[in-house]
Amino acid sequence: MKPLNFKIEKKIPNALGRAGVISTPHGDILTPAFVPVGTKGAMKGVTPETLLEVGAQVVLSNTYHLYLQPGDELVRNAGGLHKMMHWDGPIMTDSGGFQVFSLGAAYGKGISKILHPADPSLQIPERSSADDGVARLATIGADGVSFRSHIDGSLHYFTPEKSIEIQHNLGADIIFAFDECTSPTEDRRYQEEALGRTHAWAKRSLDYHKSKPNHEKQALFGIVQGGRDEELRRKSAQEIAKMTTFAGEEFDGFGIGGSFDKDDLHSAVRWVNEELPEDKPRHLLGIGEPEDLFMGVENGVDLFDCVAPTRNARSGASLYTKFGRMNLLNQEYRSDFTPIESDCGCYACKYYTRAYIAHLFRAKEMLAGMLASIHNLYFITHLVSGMREAILAGTFAEYKAEFFKTYSRK
RNA sequence: GCGUCGUUACUCAAGUGGUCUACGAGGGCAGACUGUAAAUCUGCUGACUUCGGUCUUCGUUGGUUCGAAUCCAACACGGCGCA
């Protein structure tokens with residue numbers, strides 16, 4: 001029995017994009033779809049009921065974080081992630097591969113998922129091997145990665161098998177192979193070396209997963225890496241796509257990973273999706289700004305997860321609107337008694353004003369982040385489901401043009 | 001009335017002769033955030049500025065000193081104690 005089924009409904013003419021349906025043991029995901037991130041088994045400030053209302057179909061949690069706290073065995077004993085967090089829809093778990101990056105090479109350096117051209121100092125290749133003398137919480141070995149817990153400093157070791165085992169305990173519908181997300185500041189030699197590791201780990205993740213009964217109900221996605229280099233990206237996509245166990249079993253879908261120079265994102269996605277088989281779902285890991293979502297969908301991405309909508313909402317009152325992002329904490333909104341967006345159908349816009357939500361932020365009321373998260377999740381979720389509708393209607397280009405007529409990144 | 005303590009920027013609050021436009025916190029203003037080390041982080045917050053500086057401020061006034069938020073005197077206001 002297959003844990004996942006993917007059906008393409010319609011394609012964008014002369015492009016890689018498509019609309020489809022992913023079926024999982026916990027329901028269907030209509031694609032393209034945005035996947036809200038609830039790292040520690042909870043959407044920060046949003047209940048599962050509200051998450052549904054906001055338009056979420058599936059959520060993504062994190063292996064590393066849940067392993068540290070409360071512990072994957074406890075999650076298993078609680079009846080699994082679905083039951084524990086009271087979310088009956090599909091769940092995905094990231095493998096912890098991103099933490100290899102964020103707690104490793106990127107640790108303490110201000111390097112994030114996306115580098116902007118304005119950070120020239122960060123773009124110089126800094127090393128070609130593991131040691132540059134900078135303290136970090138994750139160090140990479142041949143067999144796996146050792147992590148120092150960011151919570152209590154305790155030492156932990158992840159191998160591909162360990163990551164998959166934890167993900168089996170968590171019980172998500174879609175799980176990811178353990179990979180190394182590299183920094184764009186690494187040179188090509190390092191990217192190649194890291195890619196070799198990611199592929200070896202992918203194979204071990206696949207072998208281990210398919211050898212366990214869990215593979216009947218949990219789908220495993222392999223992750224493509226390769227940095228900004230076209231040859232490495234295409235090679236990675238091909239290798240991950242054709243990777244099989246001794247019994248001939250393949251990945252059920254693919255993740256596209258990496259930390260990007262903003263300009264490299266587009267080309268990397270296109271190279272990869274030109275190589276990946278059409279009949280399996282593709283997930284662009286950690287990307288979710290509107291302009292990137294359009295780019296991704298157009299280039300054949302089916303799923304996106306991103307912390308941006310919730311983090312922006314919570315931590316800066318940065319809200320998505322059809323005109324671009326607005327900072328609700330700006331002076332001008334103090335006595336603005338209109339909704340965040342007058343034609344938005346979300347709960348926050350239906351009942352509350354900018355002035356009120358801004359007040360809640362200043363007063364440090366929890367409701368502030370909740371309402372802002374609801375709006376941002378609604379916005380992004382609906383933006384992507386709107387793309388799906390447009391693909392089905394054959395009007396993707398028009399939908400995109402209409403959106404960018406008013407939206408600007410500032 | 002006498003005694004005593006206090007008065008620092010929007011607020012609270014350090015500072016008791018030069019390194020003081022003056023620590024720190026809050027507030028305010030702005031910015032950042034893309035598989036969540038994140039309800040977080042960064043910058044600015046006396047005025048003017050060609051961004052190198054220039055000028056003005058520590059209750060008020062006067063004084064001591066090369067130099068005062070810091071020492072002295074008087075005054076104003078406030079707390080406490082005694083009448």
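We name chains A, B, ... by the order of the sequence lines, and we start the count at 1 in each one. Values below: every heavy atom of this structure, side chains too, minus hydrogens, waters and symmetry copies.
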Report the C-alpha distance between A:E274 and A:R234 in whole Å, list the side-chain angles of each, state the deciding distance to 0.1 Å, and finish with yes or no for salt bridge (charged side-chain N to carboxylate O under 4.0 Å, His left out). CA-CA 8 Å; A:E274 280 173 2; A:R234 288 191 188 275; 2.8 Å; yes

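- With both pairing distances under 3.5 Å, B:C20 is matched to nothing as a Watson-Crick or G-U wobble pair.
- Note: A:F396 and A:F294 have tilted aromatic rings, judged against thresholds of 30 and 60 degrees for the angle between ring planes.
- Residue A:Q99 places at least one side-chain N or O under 4.0 Å from the OP1 or OP2 atom of B:A37.
- Pair assignment for B:U7: B:A76, on the basis of Watson-Crick or G-U wobble contacts that are both within less than 3.5 Å.
- At a cut-off of 3.5 angstrom, counting only N and O atoms as typed in the model, there is a donor on one side and an acceptor on the other between the side-chain of A:Q225 and the base of B:G35.
- Taking the six-membered ring for Trp and thresholds of 30 and 60 degrees, A:Y407 and A:F403 have nearly parallel ring planes, at less than 30 degrees apart.
- Atom CG of A:D292 and atom C1' of B:G35 are 14 Å apart (whole Å).
- Salt bridge A:K280/A:E250: present, at least one basic N to carboxylate O contact under 4.0 Å.
- Across all strands shown, A:G108 has heavy atoms under 4.0 Å from base atoms, whether or not it also approaches the sugar-phosphate.
- Contact between the side-chain N/O atoms of A:R334 and the OP1/OP2 oxygens of B:C29 is found at a separation under 4.0 Å.
- In this structure, B:A37 is classed as syn because its glycosidic torsion stays within 90° of zero.
- Between B:C48 and B:C10, the two P atoms lie 14 Å apart (nearest whole Å).
- When the C1' atom is compared between B:A47 and B:U61, the two are found 24 Å apart, to the nearest whole Å.
- Side chain of A:S385 to main chain of A:H382: a donor-acceptor pair is present (N/O by atom type, distance under 3.5 Å, no hydrogens or angles).
- Here A:D143 pairs with A:R204 in a salt bridge; the nearest charged N to carboxylate O distance falls below 4.0 Å.
- With a 3.5 Å ceiling on both atom-pair distances, the Watson-Crick or G-U wobble partner of B:G81 is B:C2.
- Atom name C1', nucleotides B:C23 and B:A74: the rounded distance is 32 Å, in whole Å.
- Within 4.0 Å of A:G369, counting heavy atoms only, lies no atom of the nucleic acid at all.
- Of the side-chain N and O atoms in A:K364, one or more sit less than 4.0 angstrom from OP1 or OP2 of B:G27.
- Look at A:S112 and you'll find a side-chain N or O under 4.0 angstrom from OP1 or OP2 of B:U34.
- Across residues 57-76 of chain A, A:L60, A:N62, A:H65 each have a non-hydrogen atom less than 4.0 Å from an atom of RNA chain B (numbered order).
- Whole-Å rounding puts the A:L293 CG to B:G35 C1' distance at 14 Å.
- Here B:U42 sits opposite B:A30 as a Watson-Crick or G-U wobble pair (both hydrogen-bonding atom distances under 3.5 Å).
- Under the side-chain contact (heavy atoms from CB on, under 4.5 Å) rule, A:R18 has a single partner from A:D302, A:I12, A:I391, which is A:D302.
- Just one of A:F176, A:F34, A:F6, A:F221 meets the ring pair (Phe, Tyr, Trp, His ring centres under 6.0 Å) condition when paired with A:H283; it is A:F176.
- Neither OP1 nor OP2 of B:A32 sits under 4.0 Å from any side-chain N or O of A:N312.
- Judged by Watson-Crick or G-U wobble contacts below 3.5 Å, the nucleotide B:C71 has B:G63 as its partner.
- Taking 3.5 Å as the limit, the base of B:U34 and the side chain of A:K262 contain a donor-acceptor pair of atoms between them.
- Under 4.0 angstrom from either OP1 or OP2 of B:U34 there lies at least one side-chain N or O belonging to A:R311.
- One C1' atom belongs to B:A73, the other to B:G81, and the distance between them is 25 Å to the nearest Å.
- Note: OH (A:Y333) to C1' (B:A30) measures 13 Å, nearest angstrom.
- Nucleic acid contact class of A:I223 (heavy atoms, under 4.0 Å, all strands): base.
- Of the P atoms belonging to B:U19 and B:A39, the separation is 42 Å, rounded to the nearest Å.
- Proximity of A:S102 to the phosphate of B:A37: a side-chain N or O atom is located under 4.0 Å from OP1 or OP2.
- Straight-line distance between the P atoms of B:U16 and B:G79: roughly 28 Å, to the nearest whole Å.
- Taking the nucleotide of RNA chain B with the nearest heavy atom to each of A:L103 and A:K113, the more 5' of the two is matched to A:K113.
- When atom types are taken as modelled, the side chain of A:N62 and the backbone of A:T39 share no donor-acceptor pair closer than 3.5 angstrom.
- Protein atom CZ of A:F361 is 14 Å distant from nucleotide atom P of B:C29, rounded to whole Å.
- Out of B:C33, B:A37, B:A39, the shortest distance to the side chain of A:M366 is found at B:A39.
- Under a cut-off of 6.0 angstrom, the local environment of CD in A:E216 is crowded, with over 12 non-hydrogen atoms contributed by other residues, nucleotides or ligands.
- Here the side chain of A:H375 pairs no donor or acceptor atom with the backbone of A:I340 at under 3.5 angstrom.
- Note: CD1 (A:I114) to C1' (B:U34) measures 6 Å, nearest angstrom.
- A:E289 comes within 4.0 angstrom of a base, heavy atoms only.
- Pairing of B:C58, defined by two Watson-Crick or G-U wobble distances under 3.5 Å, is not identified with any nucleotide.
- Look at A:D173 and A:K217 and you find no salt bridge, because none of the NZ, NE, NH1 or NH2 atoms lies under 4.0 Å from a carboxylate O.
- Separating the P atom of B:C58 from that of B:G26 is a span of 27 Å, rounded to the nearest Å.
- With a cut-off of 3.5 Å on both Watson-Crick or G-U wobble distances, the partner of B:A13 is given as none.
- Rounded to whole Å, the distance from CG on A:N330 to P on B:A32 is 10 Å.
- In this model, a side-chain donor or acceptor of A:T310 finds a partner on the base of B:U36 within 3.5 Å.
- If you check every strand for non-hydrogen atoms under 4.0 Å, A:G258 touches a base.
- At the phosphate of B:C41, neither OP1 nor OP2 sits under 4.0 Å from any side-chain N or O atom of A:R314.
- For A:D94, the side-chain atoms get nearest to B:G35 when compared with the rest of B:G35, B:A37, B:G31.
- Distance check on atom P: B:G17 versus B:A68 gives 14 Å, rounded to whole Å.
- Straight-line distance from the NZ atom of A:K44 to the C1' atom of B:A39: 9 Å, rounded to whole Å.
- Across B:C33, B:U36, B:G28, the shortest atom-to-atom separation from the side chain of A:R325 is found for B:C33.
- With rounding to whole Å, A:L319 atom CG is found 15 Å from B:C33 atom P.
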